[in-house]
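Here is the structure we will look at, set down as structure tokens.
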Amino acid sequence: MTVRVRFSPAPTGYLHVGGARSALFNWMYARHTGGTFILRIEDTDAERSQPHLIDAIRDNLQWLGLDWDEEYRQSDRFHLYRQAADSFLERGLAYYCDCSQDAVKARAEARGESGGYDGFCRERDVQPGDGVVVRFRTPDEGIVAWDDVIRGHVEFENSLLEDFVIVRSSGVPMFHVANAFDDLDMGITHVVRGEDLVNTVPRVLLLRRALGATDQPVFAHLPLIVNEKRQKLSKRRDDVSVGDYAARGFLPEAMRNYLLTLGWGPKDDIEIRSIGEFIEQFELADINKAPAFFDIKKLEHFNATYIRALDAEAFAAASVPFRGSIPDKLFTALAPEIQNRLVRLNEISVLVDWIVGDAPEPDAADWQKVMTKPGVADVLDAVIAGMADCAWTPDALEALVLGVGTDLNAKSQLPVRLAVTGRRAGLPLFEPLAAIDRPIVIGRLRAARARM
RNA sequence: GCCCCGUUCGUCUAGCGGCCUAGGACGCCGGCUUCUCAUGCCGGUAGCACGGGUUCAAAUCCCGUACGGGGUGCCA
């Protein structure tokens, strides 16, 4: 049996990390087994689906290096789902219902329940028309069960399932039908998705049987990715857009690698390695059941590690969108030192802004810590004097500044750094310093001296 | 309310009855290297939710409790 898996996002928003993780695990499994990875856009809800988001999702998947072998859109296949619903109707497996949503709710409240359809129209022989939906007739007894690769045996009682809507009053089929039909039609062997979808399984399985299937796909419900409050990541309250991570200077390989450690881990404890090695080891059965916290700190560690591992050419290419106005030649000269200090690519500007443009105002606490030390005024005076006629090279500047420190028995590098760069941490000082015009450097030192 | 599920260091995980006085990673703390910071290297910190069983032996199996989460749409 050849494995066929699918990632089926609804284009109601940008790809978020939860979706990316589902896509990743499906992709991993397909690549591990030599199977087929399918991208299926579940856009049956025309009102909420936005076409431009489909492209965004495709772009984000590509960015992550997740390539798919087949692609479908459910909006192209409405007629198939309609045919399926019609056949249910003909065979008495479904019926028309003209109850308004308010009426359904009112009756539920009268029964003392919070919601749920009561089967009111089962025998009423309602005819199609305005405001009429199609409902699937669920069995009154029995159970629906499956052995989830991750969660083990799960079962639901049919009696608890209400007769759910399969075709909207607009005539458009609901996702359950589309989902069940397509999984069967496309020969999906393994359904790998988030745990938030477990309770749709009974409906989908019932539909699948009605469609004539005698088998079921293998299900694997992934643990959710949660925020610091241990709630499912949400687009509204959490920072989860994959595109945003790209824009902030996360490397796709780092993101992909990090996502892989959420709910799954390599047996040998080596967490950062090539995707090929991960693919070799990957098994659905090894995935955890417990939700995992999306830890940005650890993601940043992965990202920094991946940035450092880039060769010169790759780093130069990756940094292009984040470089700002720094000249290529200077950037190249400083690249190894920059690369070593980055957690995110968008931190490049913080490291180099003072070389190309004005230095930022020093932080008050930093100023206090550095400039109020005894001897600092003398150091600055001596450095200013020395810079008037020293050679303007990294070596000469280093000799001058450190020499002053030795002569006066004081810290000299830090005050000069703060005066010239506006910060107390950053790139090695003298190389970039030599790239700035002499009068500008002296000017900054004088300004700092005057503030003391 | 009802249905489903989860619980190993602060966080992500290894562990699938003896190899566990519980291993790794992030974070945090300390040290060394160093023009600052960072890197690198060395060291430290901290955990099997709780209570009962089963067993010669339980983090690992069973039951219960507690806590947490997901779902409960003419969204997916």
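Since the model is a prediction, treat every value here as computed from it, not as a measurement.
Taking atom C1' in both B/A49 and B/C67, one finds a spacing of 8 Å when rounded to whole Å. Taking atom C1' on both B/A59 and B/G27, the two are 24 Å apart, rounded to the nearest angstrom. When the P atom is used for both B/C50 and B/G70, the distance is 24 Å, rounded to whole Å. When the P atom is compared between B/G6 and B/U60, the two are found 15 Å apart, to the nearest whole Å. Comparing B/U7 with B/C48, their C1' atoms are spaced 10 Å from each other, to the whole Å. Distance check on atom C1': B/C63 versus B/G24 gives 33 Å, rounded to whole Å. Here, B/U33 and B/C37 have their C1' atoms 14 Å apart, quoted to the whole Å. Spacing of C1' atoms, B/G17 relative to B/C62, comes out at 14 Å, to the nearest Å.
B/C2 atom P lies 18 Å from atom CD of A/Glu109, rounded to whole Å. Between the CZ atom of A/Phe175 and the C1' atom of B/A76 there is a distance of 5 Å, rounded to whole Å. Here B/A38 presents its C1' atom at 15 Å from CZ of A/Arg344, a figure rounded to the nearest Å. In this entry the distance linking CD1 of A/Ile54 with P of B/A76 reads 14 Å, nearest Å. Taking atom CG of residue A/Leu161 and atom C1' of nucleotide B/U72, one finds them 11 Å apart after rounding to whole Å. Across the protein-nucleic acid pair, A/Trp146 atom CH2 and B/C5 atom C1' stand 10 Å apart, rounded to whole Å. At whole-Å resolution of the value, CG in A/Asn227 and C1' in B/G68 are 13 Å apart. Protein atom CG of A/Leu402 is 12 Å distant from nucleotide atom C1' of B/U34, rounded to whole Å.
With sequence neighbours left out, A/His190 forms a ring-ring contact (aromatic ring centres under 6.0 Å, His included) with A/Tyr29. Under the rule for a ring-ring contact (aromatic ring centres under 6.0 Å, His included), the partners of A/Tyr81 that lie at least two apart in sequence or sit in another chain are A/Phe181. Scored by the side-chain contact (heavy atoms from CB on, under 4.5 Å) test, A/Ser49 finds A/Pro11, A/Asp43 as partners (sequence neighbours excluded). In this structure, the side-chain contact (heavy atoms from CB on, under 4.5 Å) partners of A/Ala94, at least two apart in sequence or on a different chain, are A/Phe88, A/Leu89, A/Val134, A/Ile166. With sequence neighbours excluded, the residues satisfying side-chain contact (heavy atoms from CB on, under 4.5 Å) with A/Asp311 are A/Glu313, A/Ala314.
Distances shorter than 4.0 Å separate none of the side-chain N or O atoms of A/Arg168 from OP1 or OP2 on B/G73. Using a 4.0 Å cut-off, no side-chain N or O of A/Arg308 falls inside it from OP1 or OP2 of B/A38. Put simply, A/Arg203 has no side-chain N or O that comes within less than 4.0 Å of OP1 or OP2 on B/A76. For A/Thr44 and B/A76, the shortest distance from a side-chain N or O to OP1 or OP2 is below 4.0 Å.
Under the Watson-Crick or G-U wobble criterion, with both distances below 3.5 Å, B/C67 is paired with B/G6. Nucleotide B/U11 has B/A25 as its partner under the Watson-Crick or G-U criteria, with both atom distances under 3.5 Å. Across the strands present, B/U33 finds no partner; the criterion is a Watson-Crick or G-U wobble pair with both atom distances under 3.5 angstrom. As the counterpart of B/C20, no nucleotide is assigned, since no Watson-Crick or G-U wobble pattern has both distances under 3.5 Å. Base-pair partner of B/U60: not found among the strands shown (Watson-Crick or G-U wobble, both distances under 3.5 Å). A 3.5 Å limit on both hydrogen-bonding distances identifies no Watson-Crick or G-U partner for B/U39. Of the nucleotides present, none pairs with B/U54 by Watson-Crick or G-U wobble criteria with both distances under 3.5 Å.
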Walk along nucleotides 6-26 of chain B from 5' to 3' and tag each nucleotide B, S or - by protein heavy-atom contact under 4.0 Å, base first, then sugar-phosphate.
SS---SBSSS-------BBBS
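Residue contacts shown for A/Arg423 are absent, as no nucleic acid heavy atom lies under 4.0 Å away. Within the 4.0 angstrom heavy-atom criterion, base atoms lie near A/Ala425. Residue contacts for A/Leu414: at a heavy-atom cut-off of 4.0 Å it reaches the sugar-phosphate backbone alone, with no base atom in range. Base engagement by A/Thr200 is indicated by at least one non-hydrogen atom pair under 4.0 Å involving a base atom. Looking at heavy-atom distances under 4.0 Å, A/Leu427 makes contact with a base. Within 4.0 Å (heavy atoms only), A/Val133 reaches at least one base atom of the nucleic acid. A/Val154 comes within contact range of the sugar-phosphate backbone alone, with a heavy-atom separation under 4.0 Å but no base atom that close.
Of the listed nucleotides (B/C35, B/U39, B/C74), B/U39 has the atom at the smallest distance from the side chain of A/Asn340. When distances are taken from the side chain of A/Arg48 to each of B/A76, B/C75, B/C35, the shortest belongs to B/C75. Taking only side-chain atoms of A/Pro428, from C-beta outward, the nucleotide of B/U36, B/A38, B/C74 with the closest atom is B/U36.
Note that A/Arg107 lies in the cation-pi zone of A/Phe120, set by a 6.0 Å cut-off to the ring centre and a 45° limit from the axis.
A donor and an acceptor atom, one from each side chain of A/Glu141 and A/Asn158, are nowhere located under 3.5 Å apart.
Salt bridge absent: A/Lys229 and A/Asp238 never bring a charged side-chain N and a carboxylate O closer than 4.0 Å. The pair A/Asp183-A/Arg208 fails the salt-bridge criterion, with no side-chain N (NZ, NE, NH1 or NH2) lying under 4.0 Å from an Asp/Glu carboxylate O.
Relative ring orientation between A/Phe331 and A/Phe315 is described as parallel, the plane-to-plane angle staying below 30° on a 0-90° scale split at 30° and 60°. Note: A/Trp146 and A/Phe156 have parallel aromatic rings, judged against thresholds of 30 and 60 degrees for the angle between ring planes.
Residue-to-nucleotide contacts include no donor-acceptor pair under 3.5 Å from the side chain of A/Asp45 to the base of B/A76.
If you find the closest nucleotide of RNA chain B to A/Glu155 and to A/Glu398, the one lying nearer the 5' end belongs to A/Glu155. Between A/Pro173 and A/Phe156, the one whose closest nucleotide on RNA chain B sits nearer the 5' end is A/Phe156.
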